[in-house]
Engineer: 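Below you will find the structure I want to go over with you.
Counting starts at 1 for both ligands and their atoms, following the listed order. Worth knowing before you read on, the calculation uses all heavy atoms, side chains too, and leaves out hydrogens, waters and symmetry mates. Along the sequence shown, residues are numbered consecutively beginning with 1.
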Amino acid sequence: MTAIPDTMAAALLSDFGHLDVDRIPVPEPGPGEVLVRVAACGLCGTDLKIVNGGFRGVWPPSLPFVIGHEWSGEVAALGPATEGSGLAVGDRVVAENHAGCSACPMCRSGRYNLCERVREPGFKLYGHTAPGALAEYAVRPAIVLHKIPLAVDDAAAALVNQGALTVHAARRARLTAGATVAVYGPGLLGLLMLQVARASGATTVITVGRGGRLDMAKELGSTAVVDYEQGDPVAGVRDATGGRGVDVVFDCSGNPDVLAQAIGSTRRGGAVAILGLTGGARGQVPVDAFALDELDLLGVRSSPNAYPAMISLLASGAIRTDVLTADRYALADVADAFAALERRTSIRPIVLPGK
Ligand SMILES: [Zn+2]
Ligand SMILES: [Zn+2]
């Protein structure tokens with residue numbers, strides 16, 4: 001076991017607009033908490049919005065702040081009262097961003113992603129209202145940690161957060177063997193969604209997007225692609241399903257205009273699941289088609305009870321991550337990582353704080 005230093009490097013949000021790599025004290029684990037050495041931390045659109053002040057006053061509640069919520073690491077020290085956690089120093093782990101309050105009706109029913117206390121002052125949403133993992137170390141309650149096997153490397157493990165969201169989406173949509181699916185929006189979420197849909201039994205997966213990302217979708221198992229710059233995406237999905245439409249559309253686009261297209265792409269009695277957020281913009285629902293085709297509209301938030309399944313899918317080799325985690329950065333180069341995210345040249349920049 002290596003000794004734990006007093007200070008660590010961290011990407012600090014001291015003022016909105018940019019991050020400074022600075023040294024701050026290594027956090028100490030309190031009762032029930034664990035100190036984790038961060039191995040890999042992915043950067044997402046929400047991080048970019050937080051850095052640019054898109055949620056100021058809420059995420060984070062005050063400055064300076066350490067962001068980062070899609071990450072993996074290795075247990076470095078156990079705090080008091082963690083004996084029953086099943087964790088040991090050296091275990092490789094991934095972290096959920098909260099585990100709910102365990103007391104409200106939603107938490108009690110197992111839907112802790114919908115915890116009713118999440119907006120209460122003092123509620124720790126790690127990387128948003130409590131310190132994130134874009135640093136050499138992070139402290140988390142043992143209960144939010146999941147062990148990862150050797151077969152899942154550090155960068156792949158940093159995708160568990162987003163992958164588990166797609167597992168939750170597949171469960172919400174009740175995907176079954178032989179299902180037909182369309183995925184709108186081949187960003188990281190969509191590229192994981194199409195693979196999780198296939199692993200859940202879907203035999204037709206049509207990805208709707210544009211440009212090079214569609215080639216990647218094909219490489220990762222999409223059975224057909226529709227380029228919306230080349231023609232009407234709804235017609236494209238209908239053509240690929242003999243005119244019938246798909247059982248389920250997963251909207252990973254974050255584009256409010258896609259909702260109507262998703263509804264148009266769904267067969268009678270099918271479902272549309274929304275995973276992508278629009279930043280408050282409204283989409284339009286073609287009301288008659290929606291009612292007369294008896295469609296189900298499913299919201300998908302976070303990933304309750306889905307981390308273990310995503311970890312298993314990665315370990316089994318059913319989900320490929322190599323092409324999704326190719327862009328890696330040292331912590332000192334975090335500004336370059338954000339620039340790549342902003343320019344959309346990287347699907348998921350991965351920062352390696354230990355390198
Ligand atoms: Zn994220
Ligand atoms: Zn709760």
Engineer: Considering just N/O/S atoms, say which atom of Glu70 is closest to the Zn ion (ligand 1).
Structural biologist: OE2
Engineer: Side chains of Leu43 and Leu134: does their closest heavy-atom pair fall under 4.5 Å?
Structural biologist: yes
Engineer: I need the SG(Cys104)-the Zn ion (ligand 2)-SG(Cys107) angle, rounded to 10 degrees.
Structural biologist: 110°
Engineer: Nearest 0.5 Å, what's the CG-CG distance between Asn161 and Leu188?
Structural biologist: 9.5 Å
Engineer: Can you confirm whether or not the ring centre of His98 sits under 6.0 Å from the ring centre of Phe123?
Structural biologist: yes
Engineer: Under the side chain to side chain donor-acceptor pair (under 3.5 Å) rule, what do Tyr112 and Glu96 come out as? Steps first, then yes or no, please.
Structural biologist: CA-CA 11 Å; Tyr112 59 92; Glu96 297 191 56; 2.7 Å; yes
Engineer: Using the Zn ion (ligand 2) as the vertex, how large is the angle between SG of Cys101 and SG of Cys115, rounded to 10 degrees?
Structural biologist: 110°
